[in-house]
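This report concerns only the one structure given below.
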Amino acid sequence: MSHRPHSILLGTTIRTHRSIPPHLISRAWFCSGSFRNQTHMESHASCEAVVADSELLVKKMAAICNAGPAKLQVIADFDGTLTKYWVNGCRGQSSHGLLQQENPEYDKKRQELYEHYHPLEFSPTIPIEEKTKLMEEWWTKTHGLLIEGGLTYDGIRQSVADSTIAFREGVVELFEFLEERDIPILIFSAGLADIIEEVLRQKIHRLFKNVKIVSNRMVFDNNGHLVSFQGKTIHSLNKNEHALDMAAPLHDRLGDNIDATTYENASVKTRRNVLLLGDHIGDLGMSDGLNYENRISVGFLNDNVENSLDSYRKTFDIVYLNDAPMWGVVKLVSQLCPSEGH
């Protein structure tokens, strides 16, 4: 097997019903060009990627390319996946963690809930049914504190402005590429949709018509005060396609009026090829409710690489290490959806 810059030659011939670009048939691009324990690893622009089964990956790529962009959708976690894990040498904030209420006493109460429930979330001894009830309890209490504490949309706006949350390099280019090809992006989060929208507004300064957010959505009164939440609660253990009915396009708070019927849930569910992006092994569950034919899973292993790499590479098709930028995924989708004539 030979190597070329920015590519790994696989020596695999793929038979398809229509022409596949030679660069896709002959090779899979990641970000490097060396071997480590029979796993392909590459390095490019501070980007390291691990692929445990390159032959399987290239077969999936060919199948998705053959079906075309009309059959593809992207499902992405938000915190630690679309956003950076580290910002200026410090741990970046999450969309939920950045929120500061006008009354700091309620921030303290929410922190106390976190300290109580977070260890339970990862306890290996609590049955999943019981743990699911505990997560529902945690989220319900937290949402209650946000309402009771008088959270306002102005408070959300200011919290985002004061935060250190930041998108990975390449995220905007990824969104633009997918928007141009009418490929929907479902952003899944157990946090708060309104905060995610405000982060998009302040950090990217534009919206994308193909983006749907599957998260907990707030209801504000005419004075901008939080009064309730819409629909069922989405928490860390039910964040998957079964929550799709709660997905909503970015609404016109970002500045443009979007036709909400452009990406109906039904049409999303007919897209049987999935590119899934996450930073936890549990994020693979985001596609549980979708009867997909092909799924390429991309994992971002941001920290504790030495202890977690083995489990990540066995679970994800591609693993990007050390809080990598999004450029590898941009390259991947350009191969899955090549321009006509290439």
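These numbers were taken from a predicted model, which means no experiment stands behind them. Atom set for the values below is all heavy atoms of this structure, side chains included, hydrogens, waters and symmetry mates excluded.
The side chain to side chain contact (heavy atoms under 4.5 Å, CB included) search around His280 returns Asp283, Tyr312, not counting sequence neighbours. For Ala166, the side chain to side chain contact (heavy atoms under 4.5 Å, CB included) partners are Lys84, Val87, not counting sequence neighbours. Taking the side chain to side chain contact (heavy atoms under 4.5 Å, CB included) definition, one finds that Glu121 meets it with His118, Met135, Trp138, Ser236, sequence neighbours left out.
Shortest non-hydrogen contact noted between Ser308 and Leu301 is CB-CD1, 3.7 Å. Nearest heavy-atom pair, Asn291 versus Arg272, reported as atom, atom and distance to 0.1 Å: O-CD, 2.9 Å. In plain terms, the two heavy atoms of Val329 and Val298 that are nearest each other are CG2-CG1, 4.0 Å. Contact detail for Ile213 and Ala193: the closest heavy-atom pair is CG2-CB, 3.8 Å. Looking at every heavy atom in both residues, Ser189 comes nearest to Ser215 through O-OG, 3.0 Å. Of all heavy-atom pairs between Asn322 and Glu48, the closest is ND2-OE1, 3.2 Å.
Thr164 places no side-chain N or O within donor-acceptor distance of the main-chain N or O of Gly92, the cut-off being under 3.5 Å. For the pair Arg168 (side chain) and Ala324 (backbone), a donor-acceptor distance under 3.5 Å is present. Checking side-chain atoms of Asn302 against main-chain N and O of Tyr85 turns up no donor-acceptor pair under 3.5 Å. Between the side chain of Asn294 and the main chain of Lys60, no donor-acceptor pair closer than 3.5 Å is present. Listed for the Arg271 side chain is no donor-acceptor partner under 3.5 Å among the backbone atoms of Tyr292. Listed for the Asn216 side chain is a donor-acceptor partner under 3.5 Å among the backbone atoms of Ile234. Within the 3.5 Å criterion, the main-chain N or O of Ala190 finds a donor-acceptor partner in the side chain of Trp139. A distance-only check finds no donor-acceptor pair linking the side chain of Ser123 to the backbone of Leu120 [under 3.5 Å].
Clustering ILVMFWY residues whenever any of their side-chain heavy atoms sit less than 4.5 angstrom apart, transitively, puts Leu237 in a cluster other than the one holding Val214. Tracing side-chain contacts under 4.5 Å through hydrophobic residues (I, L, V, M, F, W, Y), one never reaches Met218 starting from Tyr106; they form parts of separate clusters. Phe177 is connected to Ile296 through a chain of hydrophobic side-chain contacts under 4.5 Å among Ile, Leu, Val, Met, Phe, Trp and Tyr, so both are in one cluster. In the hydrophobic clustering of this structure, Trp86 does not group with Met326; members are Ile, Leu, Val, Met, Phe, Trp, Tyr whose side-chain heavy atoms approach within less than 4.5 Å, directly or through other members. Under the 4.5 Å side-chain heavy-atom criterion for ILVMFWY residues, a single connected hydrophobic cluster contains both Ile204 and Leu277.
Between the OG1 atom in Thr142 and the CG atom in Leu113 there is a gap of 5.0 Å [rounded to 0.5 Å]. Note: Ile281 CD1 to Ser297 OG = 10.5 Å, rounded to the nearest 0.5 Å. Put simply, CD1 on Ile318 and CZ on Phe300 are 9.5 Å apart, with the number rounded to the nearest 0.5 Å. Atom-to-atom distance recorded for Glu306:CD and Leu321:CG is 12.0 Å, nearest 0.5 angstrom. Once rounded to the nearest 0.5 Å, the distance linking CG of Asp323 with OG1 of Thr83 reads 8.5 Å. If you take CG on Leu72 and CG on Asn273, they are separated by 6.5 Å, rounding to the nearest 0.5 Å.
Looking at heavy atoms from C-beta onward, Leu275 lies out of side-chain contact with Ile64 at the 4.5 angstrom threshold. Phe316 is not listed as a side-chain neighbour of Val50, based on a closest heavy-atom distance of 4.5 Å or more. A 4.5 Å side-chain heavy-atom check between Thr132 and His235 finds at least one atom pair inside the cut-off. With contacts defined as side-chain heavy-atom distances shorter than 4.5 Å, the pair Leu290/Gln73 qualifies. A 4.5 Å side-chain heavy-atom check between Phe220 and His225 finds every atom pair outside the cut-off. At a threshold of 4.5 Å between non-hydrogen side-chain atoms, the residues Asp182 and Lys209 count as touching. Taking the side chain as every heavy atom from C-beta outward, Phe188 and Asp77 never approach each other to under 4.5 Å. For the pair Leu192/His143, a side-chain contact is recorded, criterion being any heavy-atom separation below 4.5 Å from C-beta on.
Judged by the 6.0 Å and 45° rule, Arg157 forms no cation-pi pair with Tyr153. Judged by the 6.0 Å distance and 45° axis criteria, Arg217 is not positioned over the aromatic ring of Phe229.
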Considering only distance and modelled atom types, tabulate donor-acceptor pairs under 3.5 Å from the side chains of residues 95-105, sequence neighbours left out.
residue: Ser95; atom: OG; partner: Asp79; partner atom: OD1; Å: 3.4
residue: Ser95; atom: OG; partner: Asp79; partner atom: OD2; Å: 2.9
residue: Gln101; atom: OE1; partner: Arg110; partner atom: NE; Å: 2.8
residue: Gln101; atom: NE2; partner: Leu145; partner atom: O; Å: 3.3
residue: Glu102; atom: OE2; partner: Thr152; partner atom: OG1; Å: 2.6
residue: Asn103; atom: OD1; partner: Glu105; partner atom: N; Å: 3.0

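When the shell of 6.0 Å around NZ of Lys109 is examined, it contains more than 12 heavy atoms from other residues, nucleotides or ligands. Counting non-hydrogen atoms of neighbouring residues, nucleotides and ligands closer than 6.0 angstrom, the OH atom of Tyr117 exceeds 12 such neighbours. Within a 6.0 Å radius of CG in Asn88, no more than 12 heavy atoms belonging to other residues, nucleotides or ligands are found.
Residue pairs meeting the ring-ring contact (aromatic ring centres under 6.0 Å, His included) criterion with at least one member in residues 47-72: none, sequence neighbours excluded. Sorted by first then second residue, the ring-ring contact (aromatic ring centres under 6.0 Å, His included) pairs that include residues 59-79, not counting sequence neighbours, are Phe78-Phe167.
Under 4.0 Å is where a charged nitrogen must lie from a carboxylate oxygen, and between Glu55 and Lys59 at least one such pair does. Electrostatic pairing of Arg201 and Glu198 counts as a salt bridge here, judged by a charged N lying under 4.0 Å from a carboxylate O.
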